[in-house]
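Note sheet for the following structure.
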There are 2 protein chains.
Amino acid sequence: MKKEIENKYTEPAHCPVRNVLDRIGDKWSMLVLLLLEEKGLLRFNEIDKQIESISQKMLSVTLKGLEADGLVKRTIYPQVPPKVEYELTELGQSLIPHLNTLVEWAKDNMKTIETSRLQYES
Amino acid sequence: MKKEIENKYTEPAHCPVRNVLDRIGDKWSMLVLLLLEEKGLLRFNEIDKQIESISQKMLSVTLKGLEADGLVKRTIYPQVPPKVEYELTELGQSLIPHLNTLVEWAKDNMKTIETSRLQYES
DNA sequence: CAGCATCCACGTGGATACTG
DNA sequence: CAGTATCCACGTGGATGCTG
């Protein structure tokens, strides 16, 4: 730690940037949120199939995090074999539009960025 | 890798979600972009002071990445001691509004999320 | 001043096997 | 079916010291 006292923009607990990065900055959360938005209600294995390259462990960890933050609602049906369904909460829904504008921006500028990066390397 | 063939939403090179996460999902990029938007033109050490907890190494790495992607412009003044200034490019500017809506969302919902997480832990 | 080089600690996330 | 448990590889990023 360079300094003991951090300012409002770097102190994790009160920094909105950290706050948002902690939620969507990991490898899978954003993808899961967008998938749940698109498909509505999904079971664990359905998500697993849609996001092909995710492992069971990371899907489990990701869903737990999103559930803990109140972005995703988890419903367990007490039956054998178990059935669990996931869906966005209102809070989760409210985040989606902002994620979508980001994705749109990415789509629009992917080529420009790739070109820039290639030039930079050379 | 669970499967050899990944779909369009997980294959890194063509997935817009990965694309955007790779740019702003790291620890410092988003913070640096927002700072440059707020302050305009800044020297290396000025950024270093504003973001108190960043190390010189990470600031250097972050700025290089942003420069490579064409989001930040770097201007060197050939003098001793050296002077280097950083500013957002047009592309960088175009990303800012979307980051700001995210930050606004985070501000509006921080408390709700924190409450949810505390309840989940118990 | 604006970095780079080196070393290293830690956390994320992947592979695999197992279970109620 | 919907996870958990364990182990481990890797990358991110921090600390420190050095330099043109």
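Every chain is numbered from 1, with letters handed out A, B, ... down the list of sequences.
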Relative to the 5' end of DNA chain D, which residue comes earlier, A/P81 or A/K57, by the nucleotide with the nearest heavy atom?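 So the residue in question is A/P81.
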
If you draw the axis of the six-membered ring of A/W28, does the NZ or CZ of A/R23 fall within 45° of it and under 6.0 Å from the ring centre?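 Negative - A/R23 is either too far from the ring of A/W28 or too far off its axis.
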
Please give, in whole Å, the distance from [N] [atom2] to [X] [atom1]?
| X | N | atom1 | atom2 | result |
| --- | --- | --- | --- | --- |
| B/R74 | C/dC1 | CZ | C1' | 12 Å |
| A/I51 | C/dG13 | CD1 | C1' | 15 Å |
| B/Q56 | D/dT12 | CD | P | 21 Å |
| B/K83 | D/dG20 | NZ | P | 24 Å |
| B/L59 | C/dC4 | CG | C1' | 13 Å |
| B/L63 | C/dC1 | CG | P | 17 Å |
| A/Q50 | D/dA2 | CD | C1' | 17 Å |
| B/Q79 | D/dG20 | CD | P | 19 Å |

Going only through I, L, V, M, F, W and Y residues with side-chain contacts under 4.5 Å, is there a path from A/Y86 to A/I76? yes

Are B/Y77 and B/L36 grouped together when hydrophobic residues (ILVMFWY) are joined by side-chain heavy atoms under 4.5 angstrom apart?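 No: no chain of side-chain contacts under 4.5 Å links B/Y77 to B/L36.
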
What do the steps show when you test B/S29 against B/D26 for side chain to side chain donor-acceptor pair (under 3.5 Å), and what is the final call? CA-CA 6 Å; B/S29 292; B/D26 69 333; 2.8 Å; yes

What's the closest nucleotide to the side chain of [X] if the choices are [options]?
| X | options | value |
| --- | --- | --- |
| B/P82 | C/dA2, D/dG14, C/dC4 | C/dA2 |
| B/W28 | C/dG14, D/dG14, C/dG20 | D/dG14 |
| A/K27 | D/dA2, C/dA2, C/dG13 | C/dG13 |
| B/V84 | C/dA2, D/dA2, D/dG13 | C/dA2 |
| B/M58 | C/dC4, D/dG3, D/dG13 | D/dG13 |
| A/N45 | C/dT6, D/dA2, D/dA5 | D/dA2 |

Under 4.0 angstrom, heavy atoms only, what part of the nucleic acid is A/Y77 near: base, sugar-phosphate, or nothing? nothing

Is the shortest side-chain heavy-atom distance between A/K73 and A/L88 below 4.5 Å?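 Counting from C-beta outward, A/K73 and A/L88 never come under 4.5 Å.
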
